[in-house]
**Student:** 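Dropping the structure in here first, questions after.
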Amino acid sequence: MRNTVFLIAIMSCAIVAVAQNPAPSPTPVDQRGLGIQSNTSASTAQAGQQSREAKPELVLQTGYNNFFGATRLVFSPDGRLLATATFRSNTVKLWETATGRKLRDLSSGGQNAPGLAPFVAFSRDSRLIATATADNSVKVWDVISGRELHTLAGPQGVVVASVGVYFIGFAANNQLVTVSDAARVWDLTTGRELRTLQIDAIAAVGSFNGTDGGMVLSADGTQFGLFSDEPEPHVKVIDLASGRESRRLKLPDDRIDSVQLAFTLDGRLLAAGTVERRLKLWDLTAKKDQELARTAKDFSQIKFSRDGHLLALSENYNVRVWDVQTMRELASLKAPNTGLSAHGDAYINFSEDGKRLASGGFDTDTLIWEVETGKQVSNLTGRTNMAFNV
């Protein structure tokens, strides 16, 4: 019940925050369909801006025609691409990580739910990408050609569905798992729904701060884990082949604010979360837990690497990373920002092999870092700068 109330509160805050900030420019329509878009729309928008009545104005340039910057970042498994998305837009940008070059925009039109960036997932062979749309649906695209292959539509007009899709994952046997008003398993060969799994609405908690809301697919794509705190905090593991719950693992703490899950390569299930401003790590399989650090916030951003080997905490543009096996803290990262938002956070995600980490968000560029050394290796959006029009 506590997380359900929190979910409603977060949605309300997101709507208020969006209302207080300038509305983003609408996504320009690419008359050629998918592909690399020209800078014509950006030039037009700039000209329109200059024609307005002169007044003091702060313009933050981070490679997005949007006030927030990249708030969803997902590496392709082969590490060659980074997909980014942002609040109130259903355009997903694909970047080449080696060169920092934008390859194409994938746009489904419309705007996502207030306060949400569309969820994104790559297939294990990096050839397909799935993106959430504004109408409780998911589109599947061919990465190389940019061709749309499927539109997987959930029910329309359902209250919970208005939040949109807040988890996407490629499973085994050419299947896709999506979560909105329910968890659904889709056959990507036919585009048809195979089964529907009813889940608690509180599983959405976490989706609003750049995480996956306490949901995870196992590395082999056969098991789906999701967090719930009713009647007590636990993780339910579902076998996707049968659609049945295979096990349920209790978490020892009663009050958990942020939470993330990870399956290790040897099949262990890990959870990390904040409890009364403490970052805790639970090995649910071995029934062990450990406190890693004090946090500055109740709902801090936390992220596992895909194999559960690394764990990152992002607060106030500072990113700390731990090696989960040795509990050694690696080099910390400081996302550059202007200080306009003293308590802002960098949105983060690991590459498949855990050697790199992408960061982005409001008041900071989209950057790629070397995890072991903390060295910045790429800037995908150009240097952040401020321009004052007086």
Side-chain angles (χ1 to χ4, degrees), residues 70-82 84 95 97-98 100 206 209-212 214 216 219 257-266 268-275 277-286 288-297 299-337 343-361 363-380:
T71 57
R72 187 87 62 200
L73 307 102
V74 180
F75 282 95
S76 60
D78 61 15
R80 298 175 59 188
L81 301 176
L82 181 73
T84 65
W95 307 84
T97 57
N209 66 354
T211 70
D212 299 322
V216 66
D257 296 319
S258 302
V259 67
Q260 277 281 286
L261 304 176
F263 281 102
T264 62
L265 295 180
D266 59 3
R268 289 182 299 132
L269 181 59
L270 306 179
T274 53
V275 180
R277 298 196 176 184
R278 292 173 295 149
L279 176 62
K280 301 194 71 174
L281 172 67
W282 301 278
D283 185 330
L284 299 181
T285 305
K288 297 179 180 179
D289 64 90
Q290 183 168 347
E291 182 176 327
L292 296 180
R294 301 289 296 183
T295 66
K297 303 177 181 180
F299 301 97
S300 301
Q301 291 187 47
I302 47 182
K303 195 75 178 178
F304 276 109
S305 60
R306 179 173 174 81
D307 60 4
H309 184 71
L310 300 174
L311 176 66
L313 168 72
S314 178
E315 292 187 309
N316 304 336
Y317 300 103
N318 296 306
V319 182
R320 301 173 65 183
V321 181
W322 287 266
D323 183 310
V324 171
Q325 294 178 332
T326 64
M327 293 299 134
R328 178 172 67 98
E329 185 171 357
L330 307 180
S332 60
L333 316 175
K334 175 65 175 179
N337 62 94
H343 301 289
D345 294 325
Y347 293 80
I348 56 174
N349 209 347
F350 286 99
S351 62
E352 176 81 4
D353 58 10
K355 294 182 179 180
R356 292 175 295 169
L357 181 144
S359 67
D363 196 23
T364 184
D365 286 349
T366 303
L367 306 172
I368 297 178
W369 308 79
E370 186 178 80
V371 173
E372 183 69 29
T373 65
K375 178 183 177 181
Q376 179 185 322
V377 296
S378 182
N379 187 327
L380 302 189

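Please read all numbers here as calculations on a predicted model, not as lab measurements. Note that these values count all heavy atoms, side chains included, but never hydrogens, waters or copies made by symmetry.
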**Student:** Report yes or no: does Thr366 contribute a side-chain atom to a donor-acceptor pair with the main-chain N or O of Leu380 at less than 3.5 Å?
**Tutor:**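 Checked: no pair found.
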**Student:** Examine distances only and state if a side-chain atom of Thr274 and a backbone atom of Arg278 form a donor-acceptor pair shorter than 3.5 Å.
**Tutor:**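 Not confirmed, Thr274 side chain does not pair with Arg278 backbone.
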**Student:** Would you compute the distance between atom CG of Leu367 and atom CG of Leu82 and round it to the nearest 0.5 angstrom?
**Tutor:**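 Answer for the CG-CG pair, Leu367 versus Leu82, is 10.5 Å.
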**Student:** First locate atom CZ of Phe263, then atom CG of Leu269, and finally report the distance between them rounded to the nearest 0.5 Å.
**Tutor:**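 Separation between the atoms: 5.0 Å.
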**Student:** Could you go step by step and tell me if Lys280 and Asp289 meet the side chain to side chain contact (heavy atoms under 4.5 Å, CB included) rule?
**Tutor:** CA-CA 7 Å; Lys280 301 194 71 174; Asp289 64 90; 3.8 Å; yes
**Student:** Could you go through Trp282 and Lys288, starting from their C-alpha distance and side-chain angles, then the distance that decides it, and tell me whether this counts as side chain to side chain contact (heavy atoms under 4.5 Å, CB included)?
**Tutor:** CA-CA 6 Å; Trp282 301 278; Lys288 297 179 180 179; over 6 Å; no
**Student:** Taking side chain as C-beta onward, heavy atoms only, is Thr84 less than 4.5 Å from Trp95?
**Tutor:**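 A side-chain contact exists here, since the closest heavy-atom pair is under 4.5 Å.
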**Student:** Rounded to the nearest 0.5 Å, what separation is found between the CG atom of Leu357 and the CD1 atom of Ile368?
**Tutor:**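 Reported value, rounded in 0.5 Å steps: 9.5 Å.
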**Student:** So, are Lys297 and Asp257 salt-bridged, with charged N and O less than 4.0 Å apart?
**Tutor:**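 No, no charged N to carboxylate O under 4.0 Å.
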**Student:** Which pair of non-hydrogen atoms, one from Leu73 and one from Ala358, has the smallest distance, and what is that distance?
**Tutor:**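 In this case the closest contact between Leu73 and Ala358 is CD2-CB, 3.9 Å.
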**Student:** Could you check whether Lys375 pairs with Glu370 (Lys NZ or Arg NE/NH1/NH2 to Asp/Glu carboxylate O, under 4.0 Å)?
**Tutor:**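 Not counted as a salt bridge, because no side-chain N and carboxylate O are separated by less than 4.0 Å.
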**Student:** What I'd like to find out is whether the side chain of Leu310 reaches to under 4.5 Å of the side chain of Val371, using heavy atoms alone.
**Tutor:**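 Result yes, sub-4.5 Å side-chain heavy-atom pair found.
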**Student:** Are any side-chain N or O atoms of Ser351 and backbone N or O atoms of Gly79, one a donor and one an acceptor, separated by less than 3.5 Å?
**Tutor:**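 The answer is no, because no donor-acceptor pair under 3.5 Å joins these two groups.
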**Student:** List the atom of Thr364, the atom of Pro336, and the distance in Å for their closest heavy-atom pair.
**Tutor:**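 Residues Thr364 and Pro336, closest heavy atoms: OG1-O, 2.9 Å.
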**Student:** Can a donor-acceptor pair be found, under 3.5 Å and without considering hydrogens, that links the side chain of Gln260 to the backbone of Lys303?
**Tutor:**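 Answer holds: no.
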**Student:** Can you tell me which residue pairs pass the salt bridge (Lys or Arg N to Asp or Glu O under 4.0 Å) test with a partner in residues 348-358, sequence neighbours excluded?
**Tutor:**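 As it turns out, the salt bridge (Lys or Arg N to Asp or Glu O under 4.0 Å) pairs with a partner in residues 348-358, which skip direct neighbours, are Arg124-Glu352, Arg306-Glu352.
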**Student:** Are the side chains of Asn349 and Arg72 in contact, using a 4.5 Å heavy-atom criterion?
**Tutor:**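 They are not in side-chain contact.
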**Student:** Please determine if Glu372 and Arg328 form a salt bridge, counting it only when a charged side-chain N lies under 4.0 Å from a carboxylate O.
**Tutor:**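 Salt bridge present between Glu372 and Arg328.
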**Student:** On a heavy-atom basis, which atom in Ala346 and which in Tyr317 lie closest, and how many Å separate them?
**Tutor:**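 Result for this residue pair: N-CD2, 4.0 Å.
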**Student:** In Å and rounded to the nearest 0.5 Å, what is the CH2 to OG distance from Trp369 to Ser378?
**Tutor:**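 OG of Ser378 is found 11.5 Å from CH2 of Trp369.
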**Student:** Is any side-chain heavy atom of Asp323 closer than 4.5 Å to one of His309?
**Tutor:**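 Result yes, sub-4.5 Å side-chain heavy-atom pair found.
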**Student:** Supply the atom-to-atom distance Arg320 CZ to Leu333 CG, rounded to the nearest 0.5 angstrom.
**Tutor:**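 Answer rounded to 0.5 Å: 11.5 Å.
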**Student:** Are any of the side-chain heavy atoms of Phe350 and Val321 separated by less than 4.5 Å?
**Tutor:**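 SC-SC contact between Phe350 and Val321 confirmed.
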**Student:** Quick one: pull up CG in Asp307 and OG1 in Thr264 and give me the separation to the nearest 0.5 Å.
**Tutor:**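 So the gap between those two atoms works out to 8.5 Å.
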**Student:** Between Leu279 and Trp322, does a side chain to side chain contact (heavy atoms under 4.5 Å, CB included) hold up when you go through it step by step?
**Tutor:** CA-CA 11 Å; Leu279 176 62; Trp322 287 266; 3.6 Å; yes
**Student:** Which heavy atom of Leu284 sits nearest a heavy atom of Ala271, and at what distance?
**Tutor:**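 Looking at all heavy atoms of both residues, the closest pair is CD1-CB, 4.1 Å.
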**Student:** Do the side chains of Leu292 and Leu311 get nearer than 4.5 Å, heavy atoms only?
**Tutor:**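 Answer yes - side chains close enough.
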**Student:** Taking all non-hydrogen atoms of both residues, which atom of Leu270 and which atom of Gly308 are closest, and how far apart?
**Tutor:**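 Nearest pair, atom of Leu270 first, then Gly308: CD1-O, 3.6 Å.
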**Student:** Taking salt bridge (charged side-chain N to carboxylate O under 4.0 Å, His left out) as the test, write out the residues that go with Arg80, two or more places apart.
**Tutor:**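 Arg80 satisfies salt bridge (charged side-chain N to carboxylate O under 4.0 Å, His left out) with no other residue.
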**Student:** Would you check if the side chain of Ser314 reaches a backbone N or O of Asp345 as a donor-acceptor pair within less than 3.5 Å?
**Tutor:**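 The answer is no, because no donor-acceptor pair under 3.5 Å joins these two groups.
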**Student:** Can you give me the closest heavy-atom contact between Thr285 and Arg268, atom names plus distance?
**Tutor:**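 That would be OG1-CA, 3.4 Å.
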**Student:** Using modelled atom types only, decide if a donor and an acceptor are shared between the side chain of Asn337 and the backbone of Ala335 within a distance under 3.5 Å.
**Tutor:**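 Indeed, once roles are kept as given, a pair shorter than 3.5 Å links the two residues.
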